[in-house]
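First comes the structure, then the notes that go with it.
Chain identifiers are assigned alphabetically (A, B, ...) following the order of the sequence lines, protein sequences preceding nucleic acid strands; residue numbering begins at 1 within each chain.
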Amino acid sequence: MSTLPRRKFLGLVGAGVGAGLVGTTASGCGTDATGGGGDGGEQMQIWVLQEEAQNVAHRVALDSFNSDAEVRGRLVSTSNDGYRDKLHTAMGSADNAPDVFYNWGGGSIRSYARDDLLVDLTPHLEQDQAWKDKFIPSVLDAGMIDGKYYGIPARGMQPIILFYNKAVLADHDLQPPTTWDELLAASDRLSGNGVIPFALAGGDAWCELVWPEYLVDRIGGPEVFRAIAAGEEGAWRHPALIRSMNMITDLVERGGFGDSFASVRWEGGGASTLIAQGQAGMHLMGSWEYTNQVTDQPEYAANDLGFADFPAVDGGVGDPKAIVGNPTNYFSISKSSPNVDAALEFLRTEMASDAYIDAWLKAGDVPATTNLEARMDAAANRDYAELVYNMVVDAPSFQLSWDQAVERHLAQPMLDALAKVFLGQLDAEGFVAANENAAK
Amino acid sequence: MTATVRVAPEDGSDATAPARPVPRRPSRPATSRPSSWYLLPAALFFGVFAAFPLVLVVFLSFTSWEGIGDPALIGLDNWVRLVGDARVLDVVGTTLLLTVLGWATQTPIALLLGVWAAGPQRNRAILSSIFFLPLLLSSAAVALMWSRLLDPYFGLAAEFGPFQNILGTPSGALAAIVFVTGWQFIPFHTLLYQAAARNVPKVLYDAATIDGATRWHMFWYITLPQLRNTIITSSTIMVVGSLTYFETILLLTNGGPGTSTYTVPFEMYIRGFRSFEFGYASAIATVLVVVATAISLIIVKFSGFAKMRSTMEGM
């Protein structure tokens, strides 16, 4: 192995690899300077996603922190599509890395942790037990990499929830399904009446991934995917996986997602609008769907938005209380940051502050902090907040989304193969083979 | 015609040499060219932003690199993998198909529009300035706009039955990409043709009119041959542009449905920036550079463009 001096090499490559692609990042570089102010002095950059509904809480935290801080924080927001590319490029060069950045834990920061680019938060949390106790242990632990903490929960918990439009289900004399058979029956009745049973932004395969995540867990329990994530031989061939794929194909063929789902992109908000306007009956999606509905379709969110657990599957050994999704998002600190102390202070003082928690609750999110019962009054929708909170607290397992959990180079082939299953271009066997080939 | 013939000797030694008849070199270009120093800014720019990164990419193709840390040399592994990767064939096929479709739709439309817009009429000037508007928009904005317009439930597509699921079928998605890139780039090529058509000497048409030529004859026997060099330039830009085109695919179809609109640059992006396999992505990039260069050289060679013969010769 021969190497160039790293800094120099990375700088060169930044220009090199980027040259052909640089045009594409144009849409993803929105900079949002709020809360900080450009009044000179030291600043630390806090990178977040460009999501208005959710950045309110970050601003609350930052305003509170900036009011008496020597090093002031500044939010830099980037759209979802470009965020990871931008972050990865920046993490490659110490000069450009953000001080604090938003991430998904797991695979999204594993390579940074392995390359020693992140501040290990373990000693800080161990020293300050009161700080550690403020977060739900299973969620804090879900952010661990190789037994070390690298992230502090930075927003709501995001289990995948079966959302439904109460008015639509009532119109067709239906209850939210509690078993797979009920789900199929409901799907048939809705599609028979010209309503799309399940809204789906099938133009983005991660929106489809929620289906096998739940089905495999219900049928085979959490160990099936754990073996896959660990790269065990033959893990993809588990019968639970094959059966899940066949069930998905069946649901697609019954018209469970309508006939145009493959044209719907997530970024356009099409799937969420379908259910809000009553053109679709249900939507299996992360809790962020609720936050978006509160902002974009407040009337629907207040009156007709219902939520339920994913149904049980006959003969499945998985616990019907188990959940999948994103335990939460995290803030991590770059080791190369000149402001590590300020960043630590920011995470210590603000991430479990009452104001921050209230801001999330008000936005419809349920933060991963303990003793939330006391603050439920601030929730936009108390029923919903309690459902999510109890869902997480009661869940025997909380499986991180598959595309985040597997090694990075295996995620895209998995998503591509899944999209083909939904399109009817691949069967269960083909899906398994595609994943096995990618891992070779 | 300017005929500044340089007869100055090439090296200083000749100046002091005994007077000897220096044979005139007939091959010497008759036109004096500016000093090569004029090339410097462009050469520097090209070197720093194109040639040098290219060398780095070739180097990276022999390494395994996640985008952070140090690249590890792994010899020919990426190349061996590339040759055995069935998917690469698919991706190359899609890219070539898009290139051909793009060229075949954009060229005739741009040519006809350009020739039409070259006319002196005022309404044409106004209309063509409207046609050129898409030129002002960024590719990302155009792609996002069409992505919303083609939403099956809330876009224009919803109003046209057969097009509702256009992005959800492989052929529909390809057609959508051809259409959107055409919408975006036809104005540029129209502009080229408009300028070229205006340069066609009026005497040719006058002479043809006297000879009783019809409009069609004039277009076919005068305008088209006179536009030959422009057609070649425009085609080269189109073909090389299509081979490397990327934003529309990322934002409009995201490679979908399934993987049916993955092109070589998109595959490169996915491998590099989604899978963090920068070594393999660099191997794909290298192939792309070689193929695009080869194709443009072929166009130039077989079209006679290299000879740079003026269409004004003999006038």
Quiz item: Under a 4.5 Å heavy-atom cutoff, which of A:Gln425, A:Glu407, A:Glu267 has the most pairs with chain B?
Solution: A:Glu267
Quiz item: With only heavy atoms counted, which part of B:Arg274 is less than 4.5 Å from chain A, the side chain, the backbone, both or neither?
Solution: both
Exercise. Could you tell me which portion of B:Tyr262 (side chain, backbone, both or neither) has an atom closer than 4.5 angstrom to a non-hydrogen atom of chain A?
Key: side chain
Quiz item: Which one of A:Gly258, A:Gly270, A:Ala411, A:Pro413 has the most heavy-atom pairs closer than 4.5 Å to chain B?
Solution: A:Gly270
Quiz item: In terms of heavy-atom pairs under 4.5 Å with chain B, which of A:Gly203, A:Ala262, A:Ala417 leads?
Solution: A:Ala262
Practice problem: Please indicate whether B:Trp79 has more than 12 foreign heavy atoms, meaning atoms of other residues, nucleotides or ligands, lying under 6.0 Å from its CH2. | Solution: yes
Quiz item: Which heavy atom in A:Gln412 sits nearest to a heavy atom in B:Ser275, and how many Å separate them?
Solution: CB-OG, 4.0 Å
Quiz item: Contact part of B:Ser138 toward chain A, heavy-atom cut-off under 4.5 Å: side chain, backbone, both or neither?
Solution: neither
Quiz item: Going from CG on A:Asp115 to CG on B:Asp70, what distance comes out if it is rounded to the nearest 0.5 angstrom?
Solution: 8.0 Å
Practice problem: State the OG-CG distance between A:Ser260 and B:Leu167, to the nearest 0.5 angstrom. | Solution: 10.0 Å
Quiz item: Among B:Gly258, B:Pro170, B:Ala173, B:Pro152, which has the most heavy-atom pairs under 4.5 Å with chain A?
Solution: B:Pro152
Quiz prompt | Atom pair CZ (A:Arg114) and CD (B:Glu66), whose distance is rounded to the nearest 0.5 Å | solution = 7.5 Å
Quiz item: Checking B:Ile166 against chain A: side chain, backbone, both or neither under 4.5 Å from a heavy atom?
Solution: backbone
Quiz item: Given that the side chain runs from C-beta out, which part of B:Leu252 has a heavy atom under 4.5 Å from chain A: side chain, backbone, both or neither?
Solution: backbone
Practice problem: Select one option (side chain, backbone, both, neither) describing which atoms of A:Leu423 are under 4.5 Å from chain B's heavy atoms. | Solution: side chain
Self-check item: Interface moiety of A:Leu426 toward chain B, non-hydrogen atoms closer than 4.5 Å
Solution: neither
Quiz item: If you count heavy-atom pairs under 4.5 Å with chain A, which of B:Leu288, B:Ile270, B:Val55 comes out on top?
Solution: B:Ile270
Exercise. Could you grab the distance from atom OH of B:Tyr153 to atom CD of A:Gln277, nearest 0.5 Å is fine?
Key: 12.5 Å
Self-check item: Minimum side-chain heavy-atom gap B:Asn254-A:Asp204 below 4.5 Å
Solution: yes
Exercise. State whether the side chain of A:Arg265 and the backbone N or O of B:Asp151 hold a donor-acceptor pair below 3.5 Å, judged by distance alone.
Key: no
Quiz item: For A:Phe422, is it the side chain, the backbone, both or neither that has a heavy atom under 4.5 Å from a heavy atom of chain B?
Solution: neither
Quiz item: Quick one: are A:Gln279 and B:Phe154 in side-chain contact, heavy atoms under 4.5 Å?
Solution: yes
